[in-house]
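Computation of the quantities below employed the complete heavy-atom set of this structure, encompassing side-chain atoms and omitting hydrogens, waters and symmetry-equivalent molecules. Fair warning: this is a prediction, and the values are worked out from it, not measured in the lab. In each ligand, atom 1 is the first atom listed, and ligand 1 is the first ligand listed.
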Amino acid sequence: MSTVRGGAPVIDLHAHSTVSDGTETPSQLLASASAAGVNVLAITDHDTVGGWDEAAAAAAEHGVGLVRGIEVSCTWRYASVHLLGYLTDPHDPDLTAALARARESRATRLQRMVDKMAADGIPVTYDEVLAQVAPGATPGRPHIADALIASGVIAHRDEAFREWLTDDSPYYVGHWSPDPIQAVELVRAAGGSPVVAHPFTRTRSGGLTDDLLERMAEAGLVGLEAFHRDHGPEEIARATALADRLGLVVTGSSDYHGSGKLNRLGENTTTPEALAVIEARSSGVTQVLRP
Ligand code: AMP
Ligand code: ZN
Ligand code: FE
Ligand code: FE
């Protein structure tokens with residue numbers, strides 16, 4: 001295991017690979033985690049468990065602990081909600097079916113977004129976008145940005161998001177996704193521990209309401225990701241107070257996307273106590289891998 005800073009292990013419970021919209025393969029991601037001094041990393045690709053096996057082999061090779069997870073895209077009253085699901089059974093039929101449906105709908109939706117952009121003179125084709133998606137990976141808006149980078153239109157993903165890709169852009173098209181309460185139930189039924197990702201990210205809709213989070217807690221939610229770069233002191237305080245009131249743990253993570261975002265591995269972390277609750281509340285079908 002890599003160096004433990006100040007005696008406490010560095011636990012980072014949210015990171016993406018090329019199996020969704022990160023820029024590093026699962027193997028490269030675990031190598032980066034090791035180099036960054038992360039002791040336990042969660043791989044949480046959008047709507048897929050496709051990176052788990054490669055990540056597990058690389059975690060063993062690099063001496064990094066691994067929490068296998070997913071980040072489920074959900075929709076609530078036209079707002080997007082992201083739910084982390086840790087340690088689910090990768091063969092659970094209902095969760096597997098929901099994730100497959102979301103991935104298919106994501107592909108159709110990207111094609112429609114690209115068509116709208118092209119019709120408006122933005123030089124991008126769906127084939128160019130598909131060339132940016134690894135085989136079998138979950139396609140997302142960052143791959144449209146990558147196609148525009150590949151053809152020299154922009155230099156960084158962030159420019160594409162600022163110009164064309166936000167939720168309130170005229171080119172935005174949604175995709176099928178479960179509602180957040182359904183998603184909590186799906187993750188629970190698959191033996192996993194659900195945690196709301198960056199609950200108070202500032203969005204057009206103002207983020208999640210306490211009322212929805214209460215209902216998710218009743219459905220079996222385990223935690224709130226309080227420590228995330230999208231949260232300032234106010235959002236962290238709100239998440240911590242709400243977690244206390246609802247009996248949830250708080251977690252922290254980098255939400256690393258390789259070179260696709262500024263987020264650095266280990267920039268926010270989770271306590272061993274919170275990870276222990278996440279483990280204890282899961283069925284044990286999928287275990288935390290420790291070196
Ligand atoms: P989608 O999954 O297609 O809805 O796209 C959302 C993804 O885009 C999220 O996972 C974010 O990580 C990524 N994203 C959002 N804003 C930006 C940005 N400004 N720069 C790079 N990536 C972004
Ligand atoms: Zn992402
Ligand atoms: Fe997210
Ligand atoms: Fe994420």
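Shown here is Arg264, whose CZ atom has more than 12 heavy atoms of other residues, nucleotides or ligands within 6.0 Å. No more than 12 heavy atoms of other residues, nucleotides or ligands sit less than 6.0 Å from atom CG of Asp53.
Contact annotation for Arg109 and ligand 1: only side-chain heavy atoms (C-beta onward) come within less than 4.0 Å of the ligand. For Arg106, every heavy-atom contact with ligand 1 shorter than 4.0 Å involves the side chain, none the backbone. Only the side chain of His46 comes within contact range of ligand 1, with a heavy atom under 4.0 Å; no backbone atom does. Contacts with ligand 1 closer than 4.0 Å are made by no heavy atom of Leu110, backbone or side chain.
Shown here are the protein N/O/S atoms lying under 2.8 Å from the Fe ion (ligand 3), water excluded: Glu71 OE2, His82 ND1, His198 NE2.
Residue-ligand proximity, Arg157 to ligand 1, at heavy-atom distances under 4.0 Å covers atoms 21 (C). Taking every non-hydrogen atom of Gly140 and a distance limit under 4.0 Å, the qualifying atoms of ligand 1 come out as 3 (O).
Gly260 O, 3.5 Å is the protein heavy atom nearest to atom 21 (C) of ligand 1. What sits closest to atom 19 (N) of ligand 1 on the protein, heavy atoms only, is Asp158 OD1, 2.8 Å. In terms of protein heavy-atom proximity, atom 15 (C) of ligand 1 is nearest to Phe161 CE2, 3.4 Å. Atom 11 (C) of ligand 1 has its closest protein heavy atom at Lys261 NZ, 3.6 Å. The protein non-hydrogen atom at the shortest distance from atom 7 (C) of ligand 1 is Asp21 OD2, 3.6 Å.
Taking the charged nitrogens against the carboxylate oxygens, Asp120 and Lys116 have no contact shorter than 4.0 Å, which rules out a salt bridge. Taking a cutoff of 4.0 Å between a charged side-chain nitrogen and a carboxylate oxygen, Lys261 and Glu267 do not qualify as a salt bridge.
Not a single N, O or S atom of His16, from either the backbone or the side chain, sits less than 2.8 Å from the Zn ion (ligand 2).
When the side chains of ILVMFWY residues are joined at heavy-atom separations under 4.5 Å, either directly or via intervening members, Trp52 and Tyr256 end up in a single hydrophobic cluster. Residues Ile181 and Trp176 are members of separate hydrophobic clusters, defined by side-chain heavy-atom contacts under 4.5 angstrom among Ile, Leu, Val, Met, Phe, Trp and Tyr. Val184 and Leu242 fall within the same hydrophobic cluster, defined by Ile, Leu, Val, Met, Phe, Trp and Tyr side-chain heavy atoms under 4.5 Å apart, directly or through other members. In the hydrophobic clustering of ILVMFWY residues, with side-chain heavy atoms under 4.5 Å counting as a link, Leu148 and Val173 come out together.
When the heavy-atom distances from atom 6 (C) of ligand 1 to His198, Met113, His257, Arg141 are ranked, the shortest goes to Arg141.
The N, O or S atom of Asp21 lying closest to the Zn ion (ligand 2) is OD2. His257 has its closest N, O or S atom to the Zn ion (ligand 2) at the position named NE2.
Partner of His82 under the ring-ring contact (aromatic ring centres under 6.0 Å, His included) criterion, chosen from His228, His14, His46: His46.
The line from OG1 of Thr18 to CD of Glu24 is 9.0 Å long, rounded to the nearest 0.5 Å.
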- Between Asn263 and Ser254, is a side chain to side chain donor-acceptor pair (under 3.5 Å) present by the stated rule, with each step listed? CA-CA 6 Å; Asn263 311 29; Ser254 62; over 6 Å; no
- With side chain to side chain donor-acceptor pair (under 3.5 Å) as the test, would you mind laying out the steps for Thr209 and Asp211 before giving the verdict? CA-CA 5 Å; Thr209 61; Asp211 174 61; 4.8 Å; no
- Task: Step by step, work out the side chain to side chain donor-acceptor pair (under 3.5 Å) result for His257 and Asp21.
- Result: CA-CA 7 Å; His257 281 71; Asp21 56 4; 3.1 Å; yes
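Not a single N or O atom of His82, backbone or side chain, sits closer than 3.5 Å to an N or O atom of ligand 1.
In this structure the side chain of Phe227 reaches within 4.5 angstrom of the side chain of Ile236, judged on heavy atoms.
Taking a 4.0 Å cut-off on heavy atoms, Pro142 registers as neighbouring ligand 1.
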